[in-house]
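For ligands, and for the atoms within them, numbers begin at 1 and follow the listed sequence. The model shown is predicted, which means the values in this text are computed figures rather than measured ones.
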Amino acid sequence: MDGESNVAISIENVSKSYRDQVALDGLTLRVPEGAVFGLLGENGAGKTTTIQVLLGMIRADSGRARVLGVDPARDGLDVRRRVGYVPEVPALYDWMTVAEIGWFAAGFHPEPVVGAAGFLSRYGESTKGFGLPPDRKIKALSKGMRAKVSLSLALASNPSLLILDEPTSGLDALVRREFLESMVDLAANGRTVFLSSHQLGEVERVASHVALLHQGKLILAEPLDELRARTFLLAVNFHSRDHEPAPPASLPIELIDASDAPRQAHWLVRARDRAACEAVRNLPGVESLRIETPSLEDVYIGYMRGRRPSPPPSPSTAHVA
Ligand SMILES: Nc1ncnc2c1ncn2[C@@H]1O[C@H](COP(=O)(O)OP(=O)(O)OP(=O)(O)O)[C@@H](O)[C@H]1O
C-alpha cells in the first residue's frame, strides 16, 4: 500500500490516446473502499479505457493508477487475480459447459485464501441462483445468461473489489434489479464495486458515489448524497417574456444548464442548500419559483447538454442513457 489505506482505486492524472484520439485526458479519481461507484458518460467518454488501465490491460501514456495498492502498469496480473472483473462482452470458452468453465477457472485459484473448493462452491451457488443449467454449453446460452456466467465467475473468487463494465446490458429488468441489489449487499460487507453504466436510474438506486466523464475528462465525482443535497432544479415563472436568462452572478448559485420557455425558465443549479435557491424568488420579474431535487438523469443531461458536440449525433448513433 502507499498510504491510501481507505482507497480501493486511485487514478492520478491519467491520460491515454489512440493515435490522435484522446480517450482519457488527465483523469484523477479516487474510489473509497466499500463504495458502489458508478462511472457514467456518453459513448466514447473513456469508461472502458479507464477500466482497462485499472486492470493493466492497456498502459496509460502518463499518470499513475493504484488498485488495492498495486500498480496495474507493473503488476497487471496481480491486479487481475485480486479483482473480480466483468467485461462488457464476456470472453468465455464457447465449447465448455457452465459447470466446466467453473472447474476451469477454479484451477487459477489454488491459494488458500480463496481455494479451488471455495471458488467452486461459490460459483455453483451463484449459477444455481441465476437458474443457469450446469450442463449447457456456453455457446448455447443467451447473451444475458453469458453475462450471468461472467458475473458468477467474478464473484466466485470472493474479491474485495469488483470492476464491472456495463454489467447489466444483457440482463432483463428483474435480473438487473436483483443483480444491482446484490452489489449493494457486497458493499455492505465491505467490498468495493466500481461499475460503468448507461443505466442512470439503476445507478441512482444503488450507487454511493458517481463520476461523470466527458471526452476523457472528469466533469464531477462525488458521493451521490452530496450531489443530491447540492443540486437543484429551479422552475422559475416570470411576469413577462423578457426575463433574465440565468441567475445573476451576485447569487451564491452556479448554473449548470438552462432551458427556456416563454415566461418560464428551468435552471439546473449547484448551491450550498435549498435556502440559497430561495433568493431567486426575490429577483425582479419573478412570479413564482418551484425548487425540485433533480434525478441523476436530469443532472447527467444538464451537464452534458452544453457539452454536446455540434452537429449532434444522429438518432442511429445516439446512445440512450
Ligand atoms: N483500441 C482502440 N483504438 C482506437 N481508439 C480507441 C480504442 N479503444 C477506445 N478508443 C477510443 O477511445 C475513446 C474512448 O473509448 P471507450 O471505449 O473508453 O469509451 P466508453 O466510454 O467505454 O464508450 P461506450 O459507452 O460506448 O462503451 C473513444 O473515442 C474510442 O473510439
Exercise. Which ligand 1 atoms does His198 reach within 4.0 Å, using its non-hydrogen atoms?
Worked result: 25 (O)

Exercise. Going by distance only, is there an N or O of Gly44 that falls short of 3.5 Å from an N or O of ligand 1?
Worked result: yes

For this session: Using a 4.0 Å heavy-atom threshold (strictly under), name the region of Gln21 that reaches ligand 1: side chain, backbone, both or neither.
Result: side chain

For this session: Would you check the N or O atoms of Gly46, main chain and side chain alike, for any that come under 3.5 Å of an N or O of ligand 1?
Result: yes

Exercise. Just which atoms of ligand 1 are under 4.0 Å from any heavy atom in Thr49?
Worked result: 14 (C), 15 (O), 16 (P), 18 (O)

Problem set entry | Stepwise side chain to side chain contact (heavy atoms under 4.5 Å, CB included) test for Val203 and Leu195 | CA-CA 9 Å; Val203 169; Leu195 61 99; 4.2 Å; yes

For this session: I would like to know whether Ile256 and Val299 meet side chain to side chain contact (heavy atoms under 4.5 Å, CB included); could you show each step before the answer?
Result: CA-CA 9 Å; Ile256 300 166; Val299 174; 5.6 Å; no

Exercise. Given Phe194, which of Val83, Leu39, Val36 fulfils the side chain to side chain contact (heavy atoms under 4.5 Å, CB included) condition?
Worked result: Leu39

Problem set entry | Polar side-chain atom of Thr192 near backbone of Gly34 as donor-acceptor pair, under 3.5 Å | yes

Problem set entry | Electrostatic pair Asp94:Arg146 at N-O distance under 4.0 angstrom | yes

Problem set entry | Geometric N/O contact Val22 with ligand 1, under 3.5 angstrom | no

Problem set entry | Those atoms of ligand 1 less than 4.0 Å from some heavy atom in Ala45 | 19 (O), 20 (P), 21 (O)

Exercise. Taking non-hydrogen atoms only, is Arg19 closer than 4.0 angstrom to ligand 1 via side chain, backbone, both or neither?
Worked result: neither

Exercise. Which atoms of ligand 1 are found less than 4.0 Å from any heavy atom of Asn43?
Worked result: 23 (O), 24 (P), 25 (O), 26 (O)

For this session: Any atoms of ligand 1 less than 4.0 Å from a non-hydrogen atom of Lys47? List them with their elements.
Result: 18 (O), 19 (O), 20 (P), 21 (O), 22 (O), 23 (O), 24 (P), 25 (O)

Problem set entry | Pairs meeting criterion side-chain hydrogen bond (donor to acceptor under 3.5 Å, both in side chains) with involvement of residues 261-273, two or more places apart | Glu222-Arg270, Asn237-Gln264, Arg263-Glu287

Seminar exercise, completed: ligand 1 atoms nearer than 4.0 angstrom to some heavy atom of Glu42 are 21 (O)

Problem set entry | Sub-4.0 Å heavy-atom contact, Gln52 with ligand 1 | no

For this session: State whether a side-chain donor-acceptor pair under 3.5 Å links Ser196 with Asp165.
Result: yes

Problem set entry | Co-members of Val22 in a cluster of I, L, V, M, F, W and Y side chains, linked at under 4.5 Å | none

